[in-house]
Amino acid sequence: MTDSIMSKAATMEIPINSNGDTGTLAEDDSLEQATKLQWSLAEKDLQQVMVSGPNLNETSIVSGGYGGTTEGIIPTSSIKGPGMHHSSSSSSSSMAGEEATRGVAVEKLESVKKWSLNTYKCTKQMISERFGRGSRTVDLELEAQIEVLRDTKRKYENVLRLARALTTHFYNMVQTQHALGDTFADLSQKSPELRDEFGYNAETQKLLCKNGETLLGAINFFVSSINTLVNKTMEDSLMTIKMFENARLEFDAYRSDLEELGLGPRDAVAIARIEAAQAQYQIHKDKYERLRSDVTIKLKFLEENKVKVMHKQLLLFHNAISAYFAGNQQQLEQTLQQFSIKLKPPGADKPSWLEEQ
């Protein structure tokens, strides 16, 4: 309706009088009404746009002129405006991920490169020392202490091996005495003519079995303490010594590298290499000195701990063995009380009937 009114208003002729005023024709009212209607519709559409805004998914783009057919209408849902923005965001995210991955790869590559260079220098230094062509840093006093520790560990490992063998053999002997005592007691009841003789021997074997279990408790405590000293305390010190020896090898490798560079030309490139080698040399020197101090301290405390532990354990072993073979049951029990050793009750190591199910 509005379109027809506008078409009609556009083709109307407006007569002008001599004074330049509009005439009072009937068409004037219709033209004025059409203009007011057009403006009211435009204001209403503008208010709707300002309040709600257009829905881009429901609007259309017309390719033809006004009043054309629907063949030229392209729905805006097929135009990926937001999709293009999302694609750009995804592209940015993927680029950021690629940058992060590339950074990690470069970092790993640098780490492998440094490790390979360090391994090459240390291998070269080791081969030079083996064939007597390279020099090595020597701390005579510390190396002598390290050698003493290694020799002591070997000897204590032998003591531990023999003590475990003694425990196994003595345990078998106690079990044999226990079975023999039960057999004597059974025969004492079934042989009236030898009841007393079998009875005496049964009591003797039971007493020996009881004392043997007490001695086994003392020997097991001795074995456990020696095992802790050898395989934990001494092993911890030897691990620190191994780290110290590796640091010594690295220090000598970078020291030799710095010395070789110092014998070469002194151009700009050589000076830069010498400065880099000097920095690496200082780093490995500090590491070497720090670990040497750690080894010295650990060896000192290890010696004090070893003396304290072995003094107690050797006294226990001597008193328990002497009391057992002297047949002094009271002294044997006092020895275990002196060293706070608690024996497990018979059958304590066996699982309960619930655990066996």
Side-chain angles (χ1 to χ4, degrees), residues 148-235 301-352:
V148 168
L149 172 60
R150 287 175 173 153
D151 184 63
T152 302
K153 186 174 184 291
R154 285 191 293 268
K155 292 178 179 178
Y156 276 45
E157 285 174 343
N158 190 38
V159 171
L160 181 61
R161 181 181 60 82
L162 294 174
R164 283 173 172 167
L166 175 63
T167 303
T168 302
H169 297 323
F170 195 76
Y171 173 79
N172 292 331
M173 187 186 76
V174 170
Q175 293 301 311
T176 303
Q177 289 176 337
H178 188 275
L180 189 58
D182 291 341
T183 303
F184 284 156
D186 183 63
L187 289 172
S188 174
Q189 305 211 343
K190 294 181 180 180
S191 304
E193 67 280 4
L194 296 173
R195 177 179 301 172
D196 294 337
E197 288 79 359
F198 278 126
Y200 295 151
N201 280 278
E203 291 295 329
T204 301
Q205 294 301 320
K206 288 181 179 179
L207 180 61
L208 290 174
C209 183
K210 180 180 178 181
N211 292 341
E213 291 176 350
T214 306
L215 180 60
L216 274 176
I219 297 177
N220 284 330
F221 186 77
F222 175 81
V223 169
S224 175
S225 299
I226 300 300
N227 180 65
T228 301
L229 178 64
V230 172
N231 293 321
K232 292 186 178 180
T233 310
M234 290 185 178
E235 190 63 29
F301 282 107
L302 175 61
E303 184 65 23
E304 294 176 357
N305 188 35
K306 182 193 72 174
V307 172
K308 187 184 299 183
V309 169
M310 292 308 299
H311 174 76
K312 176 181 179 180
Q313 295 305 317
L314 291 173
L315 185 62
L316 164 68
F317 192 80
H318 173 269
N319 291 345
I321 292 290
S322 300
Y324 173 80
F325 285 100
N328 194 337
Q329 179 182 358
Q330 183 179 1
Q331 183 180 355
L332 182 60
E333 293 177 353
Q334 288 177 354
T335 300
L336 268 67
Q337 293 176 0
Q338 178 184 357
F339 292 95
S340 303
I341 302 174
K342 295 181 179 180
L343 296 178
K344 295 181 180 180
D349 293 334
K350 297 181 180 179
S352 64

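Residue numbers start at 1 and run along the sequence shown.
Between A218 and A320, the shortest heavy-atom distance links the atoms CB-CB, 3.7 Å. Contact between T167 and L216 at its shortest, heavy atoms only, is O-CD2, 3.8 Å. In this structure, Q205 and G181 approach most closely via the heavy-atom pair CB-CA, 3.7 Å. Residues L160 and V223 come closest through the heavy atom pair CD1-O, 3.6 Å.
Among residue pairs with one or both ends in residues 200-234, those qualifying as ring-ring contact (aromatic ring centres under 6.0 Å, His included) are F222-F317; sequence neighbours excluded. For residues 178-194, the set of pairs meeting the salt bridge (Lys or Arg N to Asp or Glu O under 4.0 Å) definition, not counting sequence neighbours, comprises D186-K190.
One distance of note links NE2 of H318 with OG1 of T335; it measures 10.0 Å at 0.5 Å rounding. L208 CG to T176 OG1: the interatomic distance, rounded to the nearest 0.5 Å, is 12.5 Å. Distance check: Q177 CD to L207 CG gives 9.5 Å after rounding to the nearest 0.5 Å. One distance of note links CD1 of I321 with CG of L215; it measures 4.5 Å at 0.5 Å rounding. The CD atom of Q331 lies 7.5 Å from the OG atom of S322; values are rounded to the nearest 0.5 Å. Atom CD1 of I341 is separated from atom CG of N220 by 9.5 Å, given to the nearest 0.5 angstrom.
Take Y324 and apply the ring pair (Phe, Tyr, Trp, His ring centres under 6.0 Å) test, not counting sequence neighbours, and it matches F170. Considering only residues two or more places apart in sequence or on other chains, E203 meets the side chain to side chain donor-acceptor pair (under 3.5 Å) condition with none of them.
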For a quick test of your reading: what N or O donor-acceptor pairs under 3.5 Å do the side chains of residues 226-234 make, sequence neighbours left out?
| residue | atom | partner | partner atom | Å |
| --- | --- | --- | --- | --- |
| N227 | OD1 | R164 | NH2 | 3.1 |
| N227 | OD1 | N231 | ND2 | 2.5 |
| T228 | OG1 | S224 | O | 3.0 |

All N/O donor-acceptor pairs, side-chain side in residues 301-310, below 3.5 Å, sequence neighbours left out:
| residue | atom | partner | partner atom | Å |
| --- | --- | --- | --- | --- |
| E303 | OE1 | K306 | NZ | 3.3 |
| E303 | OE2 | K306 | NZ | 3.4 |

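Between L194 and L187, the closest side-chain pair of non-hydrogen atoms is not below 4.5 Å. Side-chain contact between K210 and K206 is absent, with no heavy atoms from C-beta onward closer than 4.5 Å.
When atom types are taken as modelled, the side chain of N158 and the backbone of R154 share no donor-acceptor pair closer than 3.5 angstrom. S188 places no side-chain N or O within donor-acceptor distance of the main-chain N or O of F184, the cut-off being under 3.5 Å.
Within 6.0 Å of CZ in F339 there are more than 12 heavy atoms belonging to other residues, nucleotides or ligands. Around atom NZ of K153, more than 12 heavy atoms belonging to other residues, nucleotides or ligands sit under 6.0 Å away. Surrounding CD of Q189 are at most 12 heavy atoms belonging to other residues, nucleotides or ligands under 6.0 Å away.
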Verify side chain to side chain contact (heavy atoms under 4.5 Å, CB included) between Q338 and Q334, making sure each step is shown before the conclusion. CA-CA 6 Å; Q338 178 184 357; Q334 288 177 354; over 6 Å; no
